[in-house]
Amino acid sequence: MEAIYLYNTLTRRKELFEPIKPPLVGLYVCGPTVYGEGHLGHARAAITFDLMFRLLTAVGYKVRYVRNITDVGHLVGDADGGEDKIAQKAKLEELEPMEIAHYYTEKYHDAMRALGVLSPSIEPRASGHIIEQIALAKKILDNGYAYVSNGSVYFDVEKYAAHHNYGRLSGRNIDDILTGTRDLDGQSEKHFSADFALWKNASAEHIMRWPSPWGDGFPGWHAECSAMSAKYLGETFDIHGGGMDLMFPHHECEIAQSTAATGHSAARYWVHNNMITIGGQKMGKSLGNFITLDQFFTGTHPLLSKAYAPMVIRFFILTAHYRSTLDFSDDALLAAEKGFLRLTKAWRVLRETACTEPVALDSELKNKCLAALCDDMNSPVALSYLFDEVGRINSHVDGKAKLSDAELTDLRSVFDLVMGEILGLEIPVVEGSGTLAGVMDLVLEMRATAKNEKNWAVSDLIRDRLATSGITVKDGKEGATWEIKN
RNA sequence: GGUCUGAUGGCCGAGUGGCUAGGCACAGCUCUGCAAAAGCUGCUACAGCGGUUCGAGUCCGCUUCAGACCUCCA
């Protein structure tokens, strides 16, 4: 099995990945809070860990990939009167909270499918695990790391910090956290503002509520991931992933919760993807500078010159390493689209000319690509190796430098494996079948006749009119071919 | 203010001290009736200043600039 190296946020260095019980791997990733449209940032997180899921699987691991849906418990503000995001939106639109959650969950799934993101092994919802979250809060209470206050349960950060290292994931100093947060107004339910809710008392008008030993309420945001990861992956598991912006407080609190409940932290490797920026600034809800995935797919945003195929978005994201910020611009996307088209054209050639039988290969190209991917998922480098082959493939098509059958087969299996199986890219569908294909055959035949008669006026007219309709004619050595420009 | 990251050619973006990442754009050439497509060739950058080293984009220090987190955020 290929050795995989991953950058572990916990140790701030690249480490050899060693699962607890090979070949099993437990992977937990924070999914979306379903109260709004998905944007490019959601795509990046999903694609990053989709790549991890695919890579681990491809090298032989048996992965249980758990990615949650947060449909309750995510507070708008940390103030004591903080309202649940989904409940707030529901009130605004006079909908049942679950209608909101359902609507955006469906939209999220649609977008993920389009982006080639595989469905995880389990996709648990926070609202379906209230019992587990109550149990977690109880256990932490029993262990003395939480307190009940006015029907809510809060995690006692100061007490926890006295025995454990609170802040080790995010590199935060507990003294700074505590001294900086002692000045609470007397109204607060919390002892310190750094304390966070494990369970939240629901006020009379609050629409999302469940019974608990402390009265009606709802679970705190951080509790769900600890509860669900423990339920499906066990008290300790291999990898926990998520966006860098979740490092603090969310992931820090998760570690504290698990440690307070079980005596040890749950995940061994913490992996964080970086942000998408726009004009050098983080793309995000709070800044209001995000572009939704629907807008990309339809081209309906002032910053977009056109619609982009989901696969182009995926390719664009994979051209950067997951731990670097990736700056979005229409120009960058345009460039990515052209590059992607060039790469997939070569891939299509391989699909059409090379033998379909899978071969056991140990080619240099495959090894190079796998080595790059296994080195902390360096997708841009793997792609650069594939690009190196495009010239050879095109020369072969031009008849300038023939590739042997063995070479073609080898190239095809590497492209299928690396581009398809691991990077999850797909060749865009060309509607070159059925009625249209028949008509095009006829049109190109007529044009060929005109060309033979040196009737350039007619042949050029055909070509130009087709171009107006979005069809590009390309004259090759063995006759003309066509494709739909997208 | 605290903590942490980063600064690479026209643009995007890799680079684990030692020969050219790659893509897009651009220029020239080949092919072609013309064009498109494709191929070939060219384009050698690492914020600034010091230091370590036989050798630094890559390590160390300082400076400048940018960003992230410290509230919700993928």
Side-chain angles (χ1 to χ4, degrees), chain A residues 5 12 14 29-33 35-36 38-49 74-79 82 85 167 170-173 175-177 179-181 193-194 221 241-250 252 272-277 280-287 290 315-316 319-321 323-329 331-340 342-343 345-346 372 375-376 378-388 390-401 451 454-456 459-460 463-464 467 472-477 480-481 483:
Chain A
Y5 290 83
R12 315 256 159 192
K14 233 187 265 184
V29 174
C30 293
T33 302
Y35 69 109
H39 58 74
L40 201 54
H42 294 102
R44 187 174 206 193
I47 289 168
T48 297
F49 294 101
H74 205 158
L75 301 182
V76 167
D78 198 29
K85 285 191 169 186
S170 54
R172 237 153 274 259
N173 184 326
D175 293 331
D176 295 342
I177 296 173
T179 51
T181 57
S193 57
W221 175 36
M244 265 184 187
D245 48 355
L246 297 181
M247 220 157 92
F248 189 92
H250 186 53
E252 200 70 71
H272 292 96
N273 64 277
N274 212 322
M275 302 292 104
I276 301 260
T277 59
Q281 272 206 317
K282 175 180 165 178
M283 183 184 283
K285 223 157 217 138
S286 38
L287 289 164
F290 64 94
F315 177 80
F316 172 66
T319 55
H321 185 89
R323 281 193 291 112
S324 302
T325 54
L326 171 58
D327 199 53
F328 157 82
S329 70
D331 281 349
L333 222 46
L334 239 27
E337 181 178 54
K338 293 199 78 163
F340 179 62
R342 185 153 167 261
L343 201 51
K345 261 185 217 168
D375 181 18
D376 198 27
N378 201 327
S379 53
V381 166
L383 282 170
S384 78
Y385 294 144
L386 295 181
F387 265 112
D388 285 340
V390 172
R392 290 174 64 213
I393 296 167
N394 285 333
S395 289
H396 174 261
V397 175
D398 280 3
K400 282 173 185 151
K451 282 183 70 166
K454 297 204 190 301
N455 189 344
W456 310 128
S459 74
D460 287 356
R463 184 177 66 198
D464 295 345
T472 311
V473 174
K474 293 183 293 184
D475 291 323
K477 270 230 156 58
T481 56
E483 66 185 31

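The sequence lines fix the lettering, A, B, ..., with proteins before strands; numbering per chain opens at 1. Reckoned from all heavy atoms, side chains included, excluding hydrogens, waters and symmetry mates.
For B/G15, one of the phosphate oxygens OP1 or OP2 lies less than 4.0 angstrom from a side-chain nitrogen or oxygen of A/Asn378. A close approach under 4.0 Å does not occur between any side-chain nitrogen or oxygen of A/Lys14 and OP1 or OP2 of B/U16. At least one side-chain nitrogen or oxygen of A/Asn394 sits closer than 4.0 Å to the OP1 or OP2 atom of B/G39. Between B/C12 and A/Lys338, no contact under 4.0 Å exists linking OP1 or OP2 to a side-chain N or O. Residue A/Arg342 places at least one side-chain N or O under 4.0 Å from the OP1 or OP2 atom of B/C24. The shortest distance between the side-chain N/O atoms of A/Thr319 and the OP1/OP2 oxygens of B/G22 is not below 4.0 Å.
A/Asp327 places a side-chain N or O within 3.5 Å of a backbone atom of A/Gly280 that can act as its donor or acceptor partner.
Checked against B/C70, B/G22, B/G39, the side chain of A/Ser384 finds its nearest nucleotide in B/G22. For A/Thr472, whose side chain is taken as the heavy atoms from C-beta onward, the closest listed nucleotide among B/A38, B/A14, B/A36 is B/A36. Ranking B/A37, B/G33, B/C69 by closeness to the A/Lys474 side chain, first place goes to B/A37. In the set B/A14, B/A38, B/G67, B/A38 carries the atom at the smallest distance from any side-chain atom of A/Lys345. Checking B/A14, B/C69, B/A74 against the side-chain heavy atoms of A/Arg172 singles out B/C69 as nearest.
Under the 30°/60° scheme for interplanar angles, the aromatic rings of A/His39 and A/Phe290 are found to be tilted. Aromatic ring orientation, A/Phe315 versus A/Phe340: tilted (interplanar angle from 30° to 60°).
Note on A/Asp375: nothing from the nucleic acid sits closer than 4.0 angstrom, heavy atoms only. Among the atoms of the strands shown, none is found under 4.0 Å from any heavy atom of A/Leu334. As judged by a 4.0 angstrom heavy-atom cut-off over every strand, A/Gly41 is placed among the base-contacting residues. Within 4.0 Å (heavy atoms only), A/Ser459 reaches at least one base atom of the nucleic acid. Within the nucleic acid shown, A/Leu246 comes within 4.0 Å of sugar-phosphate atoms alone, with no base atom in reach, counting heavy atoms only. No contact: A/Met247 has no heavy atom under 4.0 Å from any strand. Counting any heavy atom pair closer than 4.0 Å across all strands shown, A/Gly391 reaches sugar-phosphate atoms only and no base atom.
Per the stacking criterion (ring centres < 5.5 Å, plane angle < 30°), A/Trp456 stacks onto the base of B/G33.
Pair assignment for B/U20: none, as no Watson-Crick or G-U wobble contacts are both less than 3.5 Å. The nucleotide B/C43 finds no pairing partner, because no Watson-Crick or G-U wobble arrangement with both distances shorter than 3.5 Å includes it. Using Watson-Crick or G-U wobble geometry with both donor-acceptor distances under 3.5 Å, B/G1 finds its partner in B/C70. Using the Watson-Crick or G-U wobble rule with both distances under 3.5 Å, B/A38 pairs with B/U30. Across every strand in view, B/A7 sits in a pair with B/U64 that passes the Watson-Crick or G-U test at under 3.5 angstrom.
Between A/Asp375 and A/Lys14, some side-chain heavy-atom pair lies under the 4.5 Å cut-off. Here the side chains of A/Asn274 and A/Leu326 are not in contact, with every heavy-atom distance at 4.5 Å or above. Two residues are said to be in side-chain contact when any heavy atoms from C-beta on lie closer than 4.5 Å; A/Lys282 and A/Thr325 fail this criterion.
With hydrogens and angles ignored, a donor-acceptor pair closer than 3.5 Å exists between the side chain of A/Asp475 and the base of B/A35. A/Arg463 contributes a side-chain N or O that forms a donor-acceptor pair with the base of B/A35 under 3.5 Å. The base of B/G13 has none of its N or O atoms less than 3.5 Å from a complementary donor or acceptor on the side chain of A/Asp327.
A straight line from NE2 of A/His250 to C1' of B/A68 spans 18 Å, rounded to a whole angstrom. Rounded to an integer number of Å, the gap from A/Leu343 CG to B/C12 P is 21 Å.
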One pair to check against side-chain contact (heavy atoms from CB on, under 4.5 Å): A/Leu333 and A/Glu337. What are the steps and the verdict?
CA-CA 6 Å; A/Leu333 222 46; A/Glu337 181 178 54; over 6 Å; no
